[in-house]
S.K.: 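Dropping a structure here in structure tokens format, bear with me for questions.
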Amino acid sequence: MISRVRAVWRDALALLFALGDPRTPLGAKLMAALALAYALLPLDLLPDLTPVLGVADDILIVPTLLALAARTLPSPVLAQAQTRSLALQRRLPWLVPGVVLGALTLLSLLGWAVWRAVTG
């Protein structure tokens, strides 16, 4: 499971680096932007309140759009982006746990503030 998460993390970073390259086609940039917008905007094909199916469309559509964006990249751009991604992963192995810990801390503080506001 951890190796799969690392592979997804590596590929996502590589795509991010590739999108900043001027040799990247406009179609790849648009597909990646569409995937990001679909993941962040509250409008979905299936509402998130629908059990299981509400999240399933996000799990299927966003990675599919990102994979299509990665397939349209020229091979030199993709190779250079993967190299940069691996270099970043070697230098910053604490990045993912740090982000998760920071998000959990922020959510805990937010929950505590809401609790204090509600209970007086």
Side-chain angles (χ1 to χ4, degrees):
M1 178 74 174
I2 295 211
S3 63
R4 181 75 176 140
V5 169
R6 284 184 183 161
V8 169
W9 176 248
R10 182 197 65 228
D11 293 343
L13 277 176
L15 184 59
L16 180 66
F17 288 136
L19 292 177
D21 194 311
R23 299 174 292 173
T24 300
L26 182 61
K29 290 180 181 185
L30 289 176
M31 277 189 267
L34 183 63
L36 179 64
Y38 189 84
L40 295 179
L41 291 176
L43 303 173
D44 285 340
L45 292 177
L46 296 171
D48 286 338
L49 298 175
T50 308
V52 180
L53 294 176
V55 180
D57 69 329
D58 293 335
I59 292 173
L60 294 173
I61 291 174
V62 172
T64 301
L65 287 172
L66 292 176
L68 287 173
R71 282 188 176 196
T72 62
L73 293 174
S75 56
V77 172
L78 186 58
Q80 183 181 10
Q82 287 173 340
T83 302
R84 287 180 63 193
S85 174
L86 287 173
L88 180 66
Q89 282 185 338
R90 283 189 203 111
R91 286 184 301 187
L92 300 174
W94 51 268
L95 183 63
V96 172
V99 168
V100 169
L101 183 62
L104 287 175
T105 302
L106 184 64
L107 285 173
S108 298
L109 289 174
L110 182 63
W112 177 78
V114 168
W115 176 258
R116 293 286 293 179
V118 169
T119 59

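Because the structure is predicted, anything quoted here is derived from the model rather than measured.
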S.K.: Measure across Leu13 and Ser85 and return the closest heavy-atom pair with its distance rounded to 0.1 Å.
M.R.: CB-OG, 3.3 Å
S.K.: Mind checking who shares a hydrophobic cluster with Leu68, ILVMFWY linked at side-chain heavy-atom distances under 4.5 Å?
M.R.: Met31
S.K.: Mind checking the OG1-CG spacing from Thr83 to Leu78? Nearest 0.5 Å is all I need.
M.R.: 9.5 Å
S.K.: What closest approach, in Å, do Ala35 and Leu66 show between heavy atoms, and which atom pair accounts for it?
M.R.: CB-CD2, 3.8 Å
S.K.: Ala69 and Ala32: which non-hydrogen atoms are nearest, and at how many Å?
M.R.: CB-N, 4.1 Å
S.K.: Enter the distance from Thr105:OG1 to Leu101:CG here, rounded to the nearest 0.5 Å.
M.R.: 4.5 Å
S.K.: Kindly compute the distance separating CG (Leu30) from CG (Leu65), expressed to the nearest 0.5 Å.
M.R.: 11.5 Å
S.K.: Would you please name every residue forming a salt bridge (charged side-chain N to carboxylate O under 4.0 Å, His left out) with Arg23, sequence neighbours left out?
M.R.: Asp21
